[in-house]
Engineer: 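This is the structure I have questions about; it appears just below.
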Amino acid sequence: MDRIRELLTEHDDPRQRERPRDFDPKASARRFARLTEALQRRFGPSCRAGLWQDASVYGSIVVPAEGAGPGGPVWVLLSNFGGFVRAVTGTDSDAPGAAGAKGLSDAFVTWLDEACTAAGCVFVPSALLLERYEGPTPTHADDDRIFLEALEAAGYDVDGEEVTPPVWADRYFDYV
């Protein structure tokens, strides 16, 4: 976990929110294709893959609920940074935000970690991605905080409104 934390910190660059300066689209496409193929071999052709735009995420592969277990569909996301991969469970409406990975078996996590290594990626456990992010790159939580401060300065009542502190998932697996 400490080495993965180091990698997350090493790849953080506040001037590059969407993708790193040395982003290699061909390498990311190869990684994504390998991950998609591995998931389709394990869960079948009903896995859906798609690319993202205006995000720090390269793409996601969704394993349907019937193949994923009790937590609902599994979303496997590849970040534009560091070849980082995460897995979350949930529906279209709540994945792939900072939600955890309820319902992922240890066997699946072990398999996914091995598949990531074979694809040239780094699987990042959800427990680490849900740790507080205190890096230099602005996140949606910062935008929300600034918005609430502006509303309050303009005289609007924002009592009780709170902003959830950012986590590492917000940095590498979200829209920018």
Side-chain angles (χ1 to χ4, degrees), residues 1-25 27-29 31-32 35 49-62 71-104 109 112-113 116 120-176:
M1 292 288 268
D2 289 338
R3 179 62 186 136
I4 296 174
R5 271 188 204 93
E6 288 174 17
L7 288 172
L8 292 171
T9 301
E10 285 174 21
H11 287 276
D12 197 2
D13 181 350
R15 294 177 307 267
Q16 307 294 328
R17 289 178 73 179
E18 188 173 342
R19 65 180 58 90
R21 272 177 293 203
D22 61 351
F23 180 73
D24 183 346
S28 290
R31 288 179 183 130
F32 190 69
L35 279 174
L51 302 180
W52 288 40
Q53 191 172 12
D54 302 325
S56 57
V57 176
Y58 180 82
S60 60
I61 305 114
V62 182
V74 174
W75 294 62
V76 177
L77 295 96
L78 172 65
S79 177
N80 287 327
F81 291 84
F84 300 135
V85 172
R86 79 176 296 209
V88 295
T89 57
T91 63
D92 288 343
S93 62
D94 62 11
K102 300 176 189 102
L104 295 181
V109 170
L112 182 59
D113 186 39
C116 287
C121 304
V122 177
F123 176 71
V124 184
S126 285
L128 196 146
L129 287 170
L130 295 176
E131 290 179 1
R132 188 175 182 140
Y133 171 75
E134 295 177 340
T137 305
T139 66
H140 283 297
D142 296 307
D143 296 340
D144 292 345
R145 181 185 43 75
I146 291 166
F147 179 66
L148 283 176
E149 289 171 359
L151 285 176
E152 190 171 44
Y156 289 92
D157 181 15
V158 293
D159 286 340
E161 294 291 327
E162 294 184 29
V163 174
T164 304
V167 295
W168 280 102
D170 297 326
R171 171 62 184 104
Y172 289 121
F173 296 94
D174 205 348
Y175 289 101
V176 294

Engineer: Do you know which two heavy atoms are closest between W52 and G59, and how far apart they sit?
Structural biologist: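 Shortest heavy-atom separation between W52 and G59 comes out as CD1-CA, 3.7 Å.
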Engineer: Can you establish whether the number of heavy atoms outside F147 located under 6.0 Å from its atom CZ is more than 12?
Structural biologist: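 12 or below, so no.
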Engineer: So that I know where these two stand, are H11 and Y172 an aromatic pair - ring centroids less than 6.0 Å apart?
Structural biologist: no
Engineer: Considering non-hydrogen atoms only, spot the tightest contact between R21 and R15 and give its length.
Structural biologist: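 Heavy atoms only, the tightest pair is NH1-NH2, 3.3 Å.
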Engineer: E161 pairs by side chain to side chain contact (heavy atoms under 4.5 Å, CB included) with which of L151, D144, L148?
Structural biologist: L148
Engineer: So for atom CD, which belongs to E10, do other residues, nucleotides or ligands contribute more than 12 heavy atoms lying within a distance under 6.0 Å?
Structural biologist: yes
Engineer: Are any non-hydrogen side-chain atoms of P125 and I4 less than 4.5 angstrom apart?
Structural biologist: yes
Engineer: Looking at every heavy atom in both A141 and P165, which two are closest together, and how far apart are they?
Structural biologist: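 Scanning both residues completely, I find the closest heavy atoms to be CB-C, 4.3 Å.
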Engineer: Ignoring hydrogens and geometry, is there a side-chain-to-backbone donor-acceptor pair from N80 to A55 under 3.5 Å?
Structural biologist: yes
Engineer: Distance under 6.0 Å and angle within 45° of the ring axis: does R171 meet both against F81?
Structural biologist: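 Verdict for F81: a cation-pi partner in R171.
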Engineer: Where does the angle between the aromatic ring planes of Y58 and F32 fall among parallel (under 30°), tilted (30 to 60°) and perpendicular (over 60°)?
Structural biologist: perpendicular
Engineer: Considering the options L78, L35, V76, V124, which one meets the side chain to side chain contact (heavy atoms under 4.5 Å, CB included) requirement together with C116?
Structural biologist: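 That would be L35; it is the only one of L78, L35, V76, V124 passing the side chain to side chain contact (heavy atoms under 4.5 Å, CB included) with C116.
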Engineer: Taking atom CZ of R132 and atom CH2 of W168, what is their separation to the nearest 0.5 Å?
Structural biologist: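 If we round to the nearest 0.5 Å, R132:CZ and W168:CH2 are 13.0 Å apart.
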Engineer: If you compare all heavy atoms of R31 against all heavy atoms of G83, which two are closest, and at what distance to 0.1 Å?
Structural biologist: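 Minimum heavy-atom separation between R31 and G83: NH1-CA, 4.0 Å.
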Engineer: Rounded to the nearest 0.5 Å, how far does OH of Y133 lie from CG of L8?
Structural biologist: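 It is 10.0 Å, given to the nearest 0.5 Å.
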Engineer: Would you name the heavy atoms of P14 and T137 that are closest together and state the gap between them?
Structural biologist: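 That would be CA-OG1, 3.2 Å.
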Engineer: Quick check: closest heavy atoms across F173 and R86, and the distance to 0.1 Å?
Structural biologist: CG-CD, 3.4 Å
Engineer: Apply side chain to side chain contact (heavy atoms under 4.5 Å, CB included) to residues L7 and F84 and explain how you reach the verdict.
Structural biologist: CA-CA 9 Å; L7 288 172; F84 300 135; 4.0 Å; yes
Engineer: Name the residue from D170, D174, T164, V163 that meets the side chain to side chain contact (heavy atoms under 4.5 Å, CB included) definition with H140.
Structural biologist: D174
